[in-house]
Peer 1: 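For reference, the structure I am asking about is given below.
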Amino acid sequence: MTTTDLSFTDPELDPQLTEAQWEKLIAHATPRDVYRGDYVFRSGERDYPMVLVESGEVEVVRDALRWIGEEVVATMGPRSFAGELGLLNGQSAFLSARATGPGRVWCLARPDLRRILAQEDELGDAILHALWARRELLRRGPAALTLKFVGYEASAEFLALRRFAERLDLVHTAVPMPPDGSLSHPLHDYAPEDLPIAFVQGEPIVRATPGVIADQLGLSYEATDDDVVDLVVIGGGPAGLAASIYAASEGLSTLLLEAIAPGGQAASTSRIENFLGFPFGVSGGALIGQATLQAIKFGVRVCAPCETAALRPVGDELELTLTDGRTIRARSAIVASGAAYRRLRLERWEDFEGAGIHYAATPLELKQVTESPVVVVGGANSAGQAALYLAANGCPVHLVVRGTDLGARMSSYLVDRLIEAPRIQVHRSSNIVGLDGNGHLESVSIDTAGPVEARGLFCFIGAEPATSWVQALDRDQAGFIRTGVDVSPEALAPWEPLGRGPLPFETSVPRVFAVGDVRRGSMKRVAAAVGEGSSAVASVHQVLGVPVA
């Protein structure tokens with residue numbers, strides 16, 4: 001056994017609780033006497049408690065894995081507590097906690113912990129800061145070996161696992177392999193087609209996917225027979241997160257379903273500079289990370305990846321069917337499924353997806369290009385932000401814009417910076433006409449410039465509304481969902497027995513709402529999406545007859 005013993009000596013990691021705060025915590029907890037070697041929770045447990053140490057000592061342990069012995073990562077003394085962010089997001093325990101000697105602990109169940117976070121501002125903030133800070137610290141220590149990904153560096157499947165783990169802020173380790181990397185190891189023997197491999201608590205899962213890993217970690221949706229939620233939000237972008245936060249904070253039981261991982265297109269934005277309250281800009285990843293934490297704080301059940309396949313009214317309820325066949329019953333729903341990235345119609349496009357073509361420009365994608373020349377295509381803010389981000393990190397950038405006026409769909413502050421950036425060459429009235437490379441993208445052909453060297457092609461040419469799964473809703477010719485007074489007259493027949501028309505953001509199906517990029521007439525901006533998501537909750541309250549808490 002080895003010992004790292006982080007000890008959580010930082011006050012943010014181990015807040016000093018007052019007598020009154022301690023009493024509030026144990027008032028909702030169950031006492032337990034422990035002795036040396038007694039485990040108070042074990043890795044893999046789905047519903048483990050926060051452990052409050054009254055006397056004695058509890059050590060937090062990363063269990064032994066196939067290739068390495070166990071390791072103590074922290075020690076918790078009297079008037080401290082064992083636990084991290086997984087207590088709130090429903091993740092199974094990935095560490096174990098055991099007593100080093102005789103003592104007494106109190107076990108605080110997850111529902112009671114969430115209630116305290118919602119009702120006790122000062123105490124709740126101290127606990128939430130500690131849980132989040134511990135998660136960030138554990139990501140950089142031996143605990144990260146409890147979830148380990150191994151895959152080829154340019155593999156789309158490996159990148160999907162990494163993006164899933166990063167978006168959900170999971171404690172993990174990713175080991176990228178070069179194309180000619182060997183899989184031989186004294187402890188295992190795998191074939192190239194087995195990649196990517198995920199090791200969960202040391203146990204291998206070959207050809208791993210985010211969905212399989214979510215099931216293993218307890219992050220998938222699991223319903224009980226009588227589980228009916230007040231609100232299901234489909235889509236975890238800014239609109240969906242805002243709706244979830246406002247609904248849960250106002251007393252509605254809320255479930256958030258996200259097909260990939262929270263964030264949507266906003267999470268792929270390297271820098272947002274026109275969002276209220278961030279004068280120095282904020283990355284999409286940071287903004288979404290804080291919003292997800294806020295949702296978890298208020299008790300939103302965040303399930304990802306969890307893709308919705310169908311939605312239909314059943315009596316006074318709605319029934320949602322997931323792609324894996326599971327069903328969810330809800331009293332109302334908000335569709336915030338956003339849009340899917342558009343692709344250029346070029347030969348070999350699919351050959352280079354995951355091997356040079358990207359739909360986001362974040363630190364994860366930046367690692368794939370590392371100061372090499374790249375091409376960015378698109379004429380809106382996301383393309384301009386991506387070009388500036390890549391250039392600032394050492395990449396020579398070709399920005400390809402179909403139109404003649406760079407400022408037609410791009411904010412003026414971005415246009416000015418792009419023109420002045422020495423590493424960025426702007427190609428107006430231009431199109432990409434070809435791709436080339438041997439196993440990985442090597443060059444891109446621009447009709448006005450010919451072939452240019454490119455290690456990566458970053459595509460920001462818009463998106464199609466993700467509405468094919470809700471064909472029962474009234475949509476326009478492009479697939480965007482009509483809401484409120486925009487619902488077509490011929491789609492209002494179901495409303496006659498109700499004696500009312502659709503409320504703001506309500507669709508052609510009663511108690512089903514739509515917000516954000518998926519809604520016809522919405523402004524495609526992060527701030528607008530947040531406003532729509534939060535505003536729609538007022539209509540949800542009205543239709544459910546639930547007063548705002």
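Residues: numbered from 1 along the sequence shown.
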Peer 1: Would you confirm whether Glu157, through its side chain, and Thr209, through its main-chain N or O, come within 3.5 Å as a donor-acceptor pair?
Peer 2: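 No, Glu157 side chain to Thr209 backbone: no donor-acceptor pair under 3.5 Å.
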
Peer 1: Assess whether a salt bridge exists between Lys24 and Glu122, defined as any Lys/Arg side-chain N lying under 4.0 Å from an Asp/Glu carboxylate O.
Peer 2: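 Salt bridge flag = no for Glu122 with Lys24.
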
Peer 1: Check this for me, if you would: do Glu353 and Arg343 make a salt bridge, where the nitrogen-to-carboxylate-oxygen distance has to be below 4.0 angstrom?
Peer 2: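 Salt bridge: yes.
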
Peer 1: Looking only at atom types and distance, does a side-chain atom of Ser430 sit under 3.5 Å from a main-chain N or O of Arg428, one as donor and one as acceptor?
Peer 2: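 It does hold such a pair.
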
Peer 1: Tell me the closest heavy-atom pair linking Pro504 and Phe513, and the distance in Å.
Peer 2: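 Looks like O-CD2, 3.9 Å.
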
Peer 1: Are Glu365 and Thr362 linked by a side-chain donor-acceptor pair shorter than 3.5 Å?
Peer 2: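 Note: Glu365 and Thr362 side chains meet the donor-acceptor criterion.
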
Peer 1: Is the number of heavy atoms from other residues, nucleotides or ligands within 6.0 Å of CZ (Arg110) greater than 12?
Peer 2: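 Yes, enclosed.
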
Peer 1: About how many Å separate CG of Leu231 and CZ of Arg331, when rounded to the nearest 0.5 Å?
Peer 2: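 Separation between the atoms: 10.5 Å.
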
Peer 1: Which is it for Glu532 and Ser535 under the side-chain hydrogen bond (donor to acceptor under 3.5 Å, both in side chains) test, yes or no, and what are the steps along the way?
Peer 2: CA-CA 5 Å; Glu532 289 195 8; Ser535 298; over 6 Å; no

Peer 1: Run Asp14 and Ser80 through side-chain hydrogen bond (donor to acceptor under 3.5 Å, both in side chains) and show every step you take.
Peer 2: CA-CA 7 Å; Asp14 188 17; Ser80 64; 4.6 Å; no

Peer 1: Working note: Val200 + Phe94, criterion side chain to side chain contact (heavy atoms under 4.5 Å, CB included); need CA distance, chi angles, decisive distance, verdict.
Peer 2: CA-CA 9 Å; Val200 181; Phe94 57 89; over 6 Å; no

Peer 1: May I ask you to decide whether Glu84 forms a salt bridge with Arg139, counting only side-chain N to carboxylate O separations under 4.0 Å?
Peer 2: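 Here Glu84 does not pair with Arg139 in a salt bridge, since their nearest N and O are not under 4.0 Å apart.
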
Peer 1: Does Ile260, at its CD1 atom, have more than 12 non-hydrogen atoms belonging to other residues, nucleotides or ligands within less than 6.0 Å?
Peer 2: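 Counting other residues, nucleotides and ligands, CD1 of Ile260 stays at 12 neighbours or fewer.
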
Peer 1: Is there side-chain contact between Val369 and Leu366, with at least one heavy-atom pair below 4.5 Å?
Peer 2: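 A side-chain contact exists here, since the closest heavy-atom pair is under 4.5 Å.
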
Peer 1: Can you tell me if Thr323 uses its side chain to pair, donor with acceptor, with the backbone of Ala309 under 3.5 Å?
Peer 2: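 Side chain of Thr323 to backbone of Ala309, a donor-acceptor pair under 3.5 Å: no, none is there.
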
Peer 1: For the residue pair Phe164 and Arg167, establish whether any side-chain heavy-atom pair is separated by less than 4.5 Å.
Peer 2: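 A side-chain contact under 4.5 Å is absent here.
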
Peer 1: Applying the side-chain hydrogen bond (donor to acceptor under 3.5 Å, both in side chains) criterion to Arg520, which one of Asp474, Asp486, Thr483 satisfies it?
Peer 2: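 Only one option passes, and that is Asp486.
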
Peer 1: Would you call Val540 and Phe505 a side-chain contact if the rule is heavy atoms closer than 4.5 Å?
Peer 2: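 Result no, sub-4.5 Å side-chain heavy-atom pair not found.
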
Peer 1: Has His541 got a side-chain atom pairing as donor or acceptor with Ser539's backbone, closer than 3.5 angstrom?
Peer 2: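 A pair under 3.5 Å: no.
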
Peer 1: Give the intermediate values and the outcome of side-chain hydrogen bond (donor to acceptor under 3.5 Å, both in side chains) for residues His358 and Gln368.
Peer 2: CA-CA 10 Å; His358 306 283; Gln368 314 299 313; 5.9 Å; no

Peer 1: Testing the basics here: between Ala386 and Phe460, what is the closest heavy-atom pair and its distance to 0.1 Å?
Peer 2: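 Reported closest heavy-atom pair: CB-CE1, 3.5 Å.
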
Peer 1: Just checking Arg46: does its CZ atom have more than 12 heavy atoms from other residues, nucleotides or ligands closer to it than 6.0 angstrom?
Peer 2: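 Enclosed: over 12 neighbouring heavy atoms sit under 6.0 Å from CZ of Arg46.
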
Peer 1: CD of Glu136: more than 12 outside heavy atoms within 6.0 angstrom?
Peer 2: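 Yes, because the 6.0 Å sphere around CD of Glu136 holds more than 12 heavy atoms from other groups.
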
Peer 1: Is any side-chain heavy atom of Ser43 closer than 4.5 Å to a side-chain heavy atom of Leu95?
Peer 2: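 In short, these two side chains do not touch, never coming nearer than 4.5 Å.
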
Peer 1: Indicate yes or no for a side-chain donor-acceptor contact from Thr507 to the backbone of Val509 under 3.5 Å, with no hydrogens or angles considered.
Peer 2: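 A pair under 3.5 Å: yes.
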
Peer 1: Could you check if a side-chain atom of Ser220 sits within less than 4.5 angstrom of a side-chain atom of Arg326, using non-hydrogen atoms only?
Peer 2: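 In short, these two side chains touch, coming nearer than 4.5 Å.
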
Peer 1: Donor-acceptor pair, distance only, cut-off 3.5 Å: does the side chain of Glu258 make one with the backbone of Gly236?
Peer 2: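 Checking the backbone N and O of Gly236 against the side chain of Glu258, a donor-acceptor pair under 3.5 Å is found.
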
Peer 1: To the nearest 0.5 angstrom, please state how far the CD atom of Glu506 sits from the OG atom of Ser332.
Peer 2: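 Taking CD in Glu506 and OG in Ser332, the distance rounds to 9.5 Å.
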
Peer 1: To the nearest 0.5 Å, how far apart are CG in Leu88 and CG in Leu113?
Peer 2: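 Reported value, rounded in 0.5 Å steps: 5.5 Å.
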
Peer 1: With a 4.5 Å heavy-atom cut-off, do Glu250 and Val537 have their side chains touching?
Peer 2: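 In contact.
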
Peer 1: Just checking, Arg134 and Phe81: is the charged tip under 6.0 Å from the six-membered ring centre and within 45° of the axis?
Peer 2: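 Satisfied, under 6.0 Å and within 45°.
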
Peer 1: Looking only at atom types and distance, does a side-chain atom of Thr308 sit under 3.5 Å from a main-chain N or O of Leu322, one as donor and one as acceptor?
Peer 2: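 Flag not set: sc Thr308 to bb Leu322 has no pair under 3.5 Å.
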
Peer 1: Could you tell me the separation between the CG atom of Leu219 and the OG atom of Ser92, rounded to the nearest 0.5 Å?
Peer 2: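 Here the rounded value is 7.5 Å.
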
Peer 1: Which heavy-atom pair separates Pro15 from Ala126 by the least distance, and what is that distance?
Peer 2: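 Between these two residues, the closest heavy atoms are CG-O, 4.0 Å.
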
Peer 1: Just by modelled atom types, is the Ala391 backbone N or O under 3.5 Å from a matching donor or acceptor in the Arg423 side chain?
Peer 2: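 Present.
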
Peer 1: Assess whether side-chain hydrogen bond (donor to acceptor under 3.5 Å, both in side chains) is satisfied between Arg114 and Gln119, documenting all intermediate values.
Peer 2: CA-CA 9 Å; Arg114 288 196 179 104; Gln119 296 175 354; over 6 Å; no

Peer 1: To the nearest 0.5 Å, how far apart are CG in Leu147 and CG in Leu217?
Peer 2: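 The CG atom of Leu147 sits 6.0 Å away from the CG atom of Leu217.
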
Peer 1: Is the side chain of Asp169 donor-acceptor paired with the backbone N or O of Ala165 at a distance under 3.5 Å, no angle test?
Peer 2: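 No, Asp169 side chain to Ala165 backbone: no donor-acceptor pair under 3.5 Å.
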
Peer 1: Might you point out which heavy atoms bring Gly263 and Pro238 nearest each other, and give the distance in Å?
Peer 2: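 Taking Gly263 first and Pro238 second, the nearest heavy atoms are O-CD, 3.8 Å.
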
Peer 1: Give the C-alpha distance, both sets of side-chain angles, the deciding distance and a yes or no for side chain to side chain contact (heavy atoms under 4.5 Å, CB included) between Leu414 and Leu406.
Peer 2: CA-CA 10 Å; Leu414 283 175; Leu406 195 58; over 6 Å; no

Peer 1: Whether Asp476 and Arg519 form a salt bridge (side-chain N of Lys/Arg under 4.0 Å from carboxylate O of Asp/Glu) is what I want to check.
Peer 2: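 No, Arg519 and Asp476 are not salt-bridged.
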
Peer 1: Look up atom CG in Leu256 and atom CD1 in Ile234, then write down how far apart they are to the nearest 0.5 Å.
Peer 2: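 Going from the CG atom of Leu256 to the CD1 atom of Ile234 covers 9.0 Å.
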
Peer 1: Counting N and O atoms only, with roles assigned by atom type, does the side chain of Ser155 sit under 3.5 Å from a partner on the main chain of Gly151, one being a donor and the other an acceptor?
Peer 2: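 Flag not set: sc Ser155 to bb Gly151 has no pair under 3.5 Å.
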
Peer 1: Would Val426 and Ile419 count as a side chain to side chain contact (heavy atoms under 4.5 Å, CB included) here? Give the steps.
Peer 2: CA-CA 8 Å; Val426 180; Ile419 294 173; 5.7 Å; no

Peer 1: Test Ile461 against Arg402 for side chain to side chain contact (heavy atoms under 4.5 Å, CB included), laying out the working first.
Peer 2: CA-CA 10 Å; Ile461 59 172; Arg402 186 172 57 182; over 6 Å; no

Peer 1: Do you know the tightest heavy-atom contact between Ala333 and Leu318?
Peer 2: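 Residues Ala333 and Leu318, closest heavy atoms: N-CD1, 3.6 Å.
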
Peer 1: Search all heavy atoms of Gly479 against all heavy atoms of Thr467 and return the closest pair with its distance.
Peer 2: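 So the two residues come closest at O-OG1, 2.7 Å.
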
Peer 1: Please check if atom CZ in Phe352 has more than 12 non-hydrogen atoms from other residues, nucleotides or ligands closer than 6.0 Å.
Peer 2: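 Atom CZ in Phe352 is crowded, with more than 12 foreign heavy atoms closer than 6.0 Å.
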
Peer 1: With the side chain counted from C-beta on, respond yes when Val401 and Leu399 share a heavy-atom pair under 4.5 Å apart, and no when they do not.
Peer 2: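 Counting from C-beta outward, Val401 and Leu399 do come under 4.5 Å.
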
Peer 1: Compare all side-chain heavy atoms of Trp469 with those of Leu311 and state whether any distance is below 4.5 angstrom.
Peer 2: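 They are in side-chain contact.
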
